[in-house]
Amino acid sequence: MGFSETFIRRPVATTLLALGILIGGGVGYMFLAVASLPSVDISTIVVFVNRPGADPETMATSIAAPLERRLGEIPGINEMTSLSATGSSTIIIQFDVDRTADSAAHDVQEALNAAIVDLPSDLPTPPIFRKFNPAAAPIMTIALTSQTLSTAQMYDVADTILGQRLAQIEGVSQVQLSGSERPAVRVRLDPARLAATGLAAQDVYNALRAANVTQPLGGFSGAARASMIGINGQLSHAGDYAGLILRSRNGAMLRLSDIAEIVDGVANTRLG
C-alpha cells in the first residue's frame, strides 16, 4: 500500500501525530509575525542636481529631461519620477525586485557620466546619486533652538559640528539636515544703476565667480627646503563683496556696492 500502509496499521500513532501537528500549528500561528508594511528590499537610487538661480522650468527642460533620457536606457527600471524646484532637480529611480542596489548604482553612474555632455556647462557640481531605502525611516530626530544664534548660524553649527559627530558613530548610515538653510551672501542689484553703467547681470555674475577662487600660485625651492604659495580668494561675508571691482576706466573704479545691496542672509529666504 506504499506510504499509507504505516499509518493504517498504527491508527493510535497516526492520531497522536495528527494532534501534534495540529497543536504545533496552533502554537506557531500565535507567534506568527504579521507586518502591516512588509520589509521588501527594492533597489532605489536618488539623483540630485543643483544649479543655483535656475527656475523650475529651466531645471526640468535643461537638466531633468536629458538625465531622464540617459537613465531611461538602464534595463530593469520599474518607475522613474523627477521633481524640479528652484535651483535643484531630484530624480527617483526605482528598479525591479531582482536588481541589486550595487548593480543599479553602477548603471546609474555610467548613465550620469554619459549625460555630462548633454548638461549645461555652468553646473557648480556634477550630478550626484545616493542609494535610498523607501522603507527606511529616521530613528531619531534632534531639534535645535537658540535665543542668540540666527537660523543660518544654527545650520552652520549643525552641519559642521553636530552632523559630522553623529555620522562618525558606528552603525549610523546617514544624517540629514533640514528645517533651516545654508548661510549665503545675497546680492540685490539695482536695475536702474546697472543699466546706467552699461553692464549686464551676467557681467556681475562672472565677476562674482572670478572673485571666488582657490588656486596655487607657485612655490619656492631651495637646497634644504621647499615652500608652496597658495591663495584663498573665497569671499564669505557681505563686507568682502562690497569692494569688489567690476570695471576700471580712466582711473574711476566701479564697485559692486555702487550698483547693488549686499547683505548676509540665507540661500532660501522662504524657509524660516
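Just so you know, these numbers come straight off a predicted model, no measurement behind them.
Using a distance-only test at 3.5 Å, with no hydrogens or angles considered, a donor-acceptor pair links the side chain of S103 to the main chain of T100. In terms of modelled atom types and a separation under 3.5 Å, the side chain of R51 and the main chain of P120 share no donor-acceptor contact. Without hydrogens or angle criteria, S43 side chain to R99 main chain gives a donor-acceptor distance under 3.5 Å. Remark: the backbone N or O of D98 is not paired with any side-chain donor or acceptor of D96 at under 3.5 angstrom. Remark: side-chain polar atoms of R255 are paired, donor with acceptor, to backbone N or O of G243 under 3.5 angstrom.
Here the straight-line distance linking atom CG of L67 with atom CG of L119 works out to 5.0 Å at 0.5 Å rounding. Atom CG of residue D118 and atom CD1 of residue I63 lie 12.0 Å apart, to the nearest 0.5 angstrom. With rounding to the nearest 0.5 Å, the separation of CG in L254 from CG in L244 is 9.5 Å. One distance of note links CG of L83 with CE of M59; it measures 10.5 Å at 0.5 Å rounding. Of the inter-residue distances, the one linking L123 atom CG with I116 atom CD1 reads 7.5 Å to the nearest 0.5 angstrom. For the atom pair CG of D156 and CD1 of I161, the computed distance is 7.5 Å after rounding to the nearest 0.5 Å.
Residues A64 and S84 approach most closely at CB-OG, 3.9 Å, considering heavy atoms. The two residues L194 and A201 come nearest to each other via the heavy atoms CD2-N, 3.9 Å. Taking each heavy atom of Q94 and T44 in turn, the nearest pair found is CG-OG1, 4.0 Å. Closest non-hydrogen pair, I262 versus S257, comes out as CD1-CA, 3.8 Å. Taking both residues in full, the closest heavy atoms of I45 and A101 are given as CD1-O, 4.5 Å, listed atom of the first, atom of the second, then distance. Across all non-hydrogen atoms, the minimal contact from A238 to D264 is N-OD1, 2.9 Å.
M154 and L166 end up in the same hydrophobic cluster when Ile, Leu, Val, Met, Phe, Trp and Tyr side chains are linked at under 4.5 Å. Tracing side-chain contacts under 4.5 Å through hydrophobic residues (I, L, V, M, F, W, Y), one never reaches L17 starting from L22; they form parts of separate clusters. Y205 and I259 are assigned to two separate hydrophobic clusters, defined by single-linkage of ILVMFWY side chains at heavy-atom distances under 4.5 Å. V108 and V46 fall into different hydrophobic clusters, defined by Ile, Leu, Val, Met, Phe, Trp and Tyr side-chain heavy atoms under 4.5 Å apart, directly or through other members. Both L208 and L189 are members of a single hydrophobic cluster when ILVMFWY side chains are connected at heavy-atom separations under 4.5 Å.
More than 12 heavy atoms of other shown residues, nucleotides or ligands fall within 6.0 angstrom of atom CZ in R247. For Q202, the CD atom counts as densely surrounded, since its 6.0 Å shell holds more than 12 non-hydrogen atoms of other residues, nucleotides or ligands.
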Can you give the donor-acceptor pairs under 3.5 Å from side chains of residues 71-80 to other protein atoms, not counting sequence neighbours?
none

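By the 4.5 Å heavy-atom criterion applied to side chains, L144 and L149 are not counted as neighbours. Using a 4.5 Å cut-off on side-chain heavy atoms (C-beta onward), I91 and T81 make no contact. For the pair L162/V157, no side-chain contact is recorded, criterion being any heavy-atom separation below 4.5 Å from C-beta on. Residues K131 and D102 have side chains in contact (heavy-atom distance under 4.5 Å, counting atoms from C-beta outward). Looking only at side-chain heavy atoms (C-beta outward), T125 and F48 stay at 4.5 Å or farther from each other. Counting only heavy atoms from C-beta outward, the side chains of I93 and V47 approach each other to under 4.5 Å. Proximity of L16 to R10: side-chain heavy atoms (C-beta onward) are nowhere separated by under 4.5 Å. In this structure the side chain of D240 never reaches within 4.5 angstrom of the side chain of V185, judged on heavy atoms.
Taking D203 as the reference, nothing meets the side chain to side chain donor-acceptor pair (under 3.5 Å) condition, with sequence neighbours excluded.
Among residue pairs with one or both ends in residues 161-171, none qualify as side-chain hydrogen bond (donor to acceptor under 3.5 Å, both in side chains); sequence neighbours excluded.
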